Amino acid sequence: RRCTLQAEAPLEMISHLECFPFKLTKASIRIELNTTVASINGQKKRFVPTLIMDRDDHRGNVCIQEVQNSYRDDIEGGGDGANTGALPYSRGDVLDTLDKTIQYDFVTPYPEVRFFYDLKKEYSPAFEISFYVVSGGMSNFVNIIFPMLLICILNTINVVHDYYTPQPIVRYISIAATFALTAVFMLPNIMMEQTTRRRLFCTLNNLYVNSVFIALALSSIPHVIFHTSAINFSGMGLFWASFLVPIVNIFRYWLEVSAIRRSQNHP
């Protein structure tokens, strides 16, 4: 007997790569067939389910939702809209059909599928479907990176101006405190909610946040206090150097996404 089941099930969200301003997450669901016991002719029998894989056509195992109007009309050859030159659907067409999320964007619409085989009992009762999704991106550039760059520029102007034209200590510290308070309200957004099973302290995201705080603390010290500009200039330099972290993370994200797409043999 063959039947079709339809269900809406939650996905387990596991952080795959946290590299501010991007966050790559693996959304997975594991489906397992349970053993059942039935009575046949007065005798109870135990039925163990197993998955039969199609090695020739993987669509017989797992397939995604079919794209509506999967072939588009090329009406350049005929103005009546006739199907004079059918074009195959692209990866973007598949994403438009599959992607109904608001917070995340799919890296690729094609899932990663894993089948689990019990060597001891010699049967395959479960499989796992995973999608890679990304959050952050351009929104973090507008909300955090660009404002932090503006703070860095203004902090540089304040430090250099104090070097050539010494300011009263109170005024210099009040300006530096304004920069620090602005950063305090934005930097916690970088410490995105971790969906990993382990809480890590030594990460590039934490390095960026700590570097910015240390840089602002050093930059807030006027040179007239210790009669040297080495302290606030070192803070200014550290602030600029902290932007290496997002730059490195952008390359890490690009390499990881490229590897995921290559492993699935899709453009």
Side-chain angles (χ1 to χ4, degrees), residues 2-34 48-68 70 88-140 192-200 203-205 248-267:
R2 184 176 65 180
C3 61
T4 301
L5 301 178
Q6 182 176 354
E8 293 184 0
L11 300 176
E12 182 182 12
M13 310 297 290
I14 301 297
S15 178
H16 181 73
L17 180 65
E18 292 192 10
C19 50
F20 177 81
F22 297 99
K23 181 179 180 181
L24 193 59
T25 305
K26 187 176 183 180
S28 304
I29 181 172
R30 176 167 174 164
I31 301 175
E32 184 171 356
L33 305 178
N34 293 328
V48 179
T50 186
L51 298 171
I52 301 176
M53 268 68 80
D54 189 340
R55 297 185 178 181
D56 297 328
D57 190 349
H58 293 170
R59 292 175 299 178
N61 303 322
V62 174
C63 63
I64 60 178
Q65 184 178 359
E66 183 180 359
V67 178
Q68 301 295 327
S70 59
Y89 58 81
S90 64
R91 184 166 60 92
D93 297 327
V94 181
L95 279 173
D96 291 339
T97 300
L98 183 66
D99 188 2
K100 304 300 181 183
T101 62
I102 299 176
Q103 184 178 358
Y104 297 95
D105 292 321
F106 278 74
V107 172
T108 172
Y110 307 105
E112 177 185 278
V113 183
R114 299 172 57 199
F115 293 92
F116 299 91
Y117 186 80
D118 192 327
L119 293 176
K120 183 178 180 180
K121 298 181 180 179
E122 297 184 345
Y123 79 114
S124 178
F127 65 96
E128 183 181 81
I129 302 176
S130 302
F131 290 93
Y132 288 95
V133 295
V134 62
S135 60
M138 193 60 195
S139 62
N140 282 337
M192 295 174 287
E193 181 181 356
Q194 297 185 10
T195 51
T196 56
R197 292 190 176 93
R198 296 177 297 135
R199 301 288 178 171
L200 300 179
T203 63
L204 286 179
N205 291 354
V248 171
N249 281 340
I250 290 174
F251 282 102
R252 290 175 61 208
Y253 167 77
W254 179 79
L255 291 174
E256 186 65 24
V257 168
S258 299
I260 292 173
R261 290 176 177 171
R262 285 196 305 267
S263 67
Q264 297 177 351
N265 295 323
H266 288 287

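From a predicted model like this one, the values you see are computed outputs, not experimental measurements.
- To the nearest 0.5 Å, atoms CZ (Phe20) and CD1 (Ile250) are separated by 9.5 Å.
- When all heavy atoms of Leu11 and Ala27 are compared, the closest pair comes out as CD1-CB, 3.7 Å.
- Scanning both residues, Leu17 and Tyr253, for their nearest heavy atoms gives CD2-CA, 4.2 Å.
- Residues Arg261 and Val107 approach most closely at NH2-O, 2.9 Å, considering heavy atoms.
- Between the CD atom in Glu128 and the CD atom in Glu112 there is a gap of 7.5 Å [rounded to 0.5 Å].
- Within the 4.5 Å cutoff, the side chain of Ile260 has heavy atoms near those of the Leu24 side chain.
- Residues Tyr117 and Glu122 form a side-chain contact, since some pair of their non-hydrogen atoms from C-beta on lies under 4.5 Å apart.
- Here the closest heavy-atom approach between residue Ala9 and residue Ile29 is recorded as CB-CD1, 3.3 Å.
- To the nearest 0.5 Å, atoms CD1 (Ile31) and CZ (Phe127) are separated by 3.5 Å.
- Arg252 approaches Glu18 most closely through the heavy-atom pair NH1-O, 4.4 Å.
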Decide yes or no on side-chain contact (heavy atoms from CB on, under 4.5 Å) for Glu256 and Tyr132, but give the supporting numbers first. CA-CA 11 Å; Glu256 186 65 24; Tyr132 288 95; 5.8 Å; no
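- Here the straight-line distance linking atom NZ of Lys121 with atom OG1 of Thr50 works out to 12.0 Å at 0.5 Å rounding.
- Rounding to the nearest 0.5 Å places CG of Leu51 at 9.5 Å from CD of Glu32.
- Note that OG of Ser130 and NE2 of His16 are 10.5 Å apart. Values are rounded to the nearest 0.5 Å.
- By the 4.5 Å heavy-atom criterion applied to side chains, Arg30 and Phe116 are counted as neighbours.
- Heavy atoms only, all atoms of each residue included: Ile129 and Pro111 are closest at CG2-CB, 3.6 Å.
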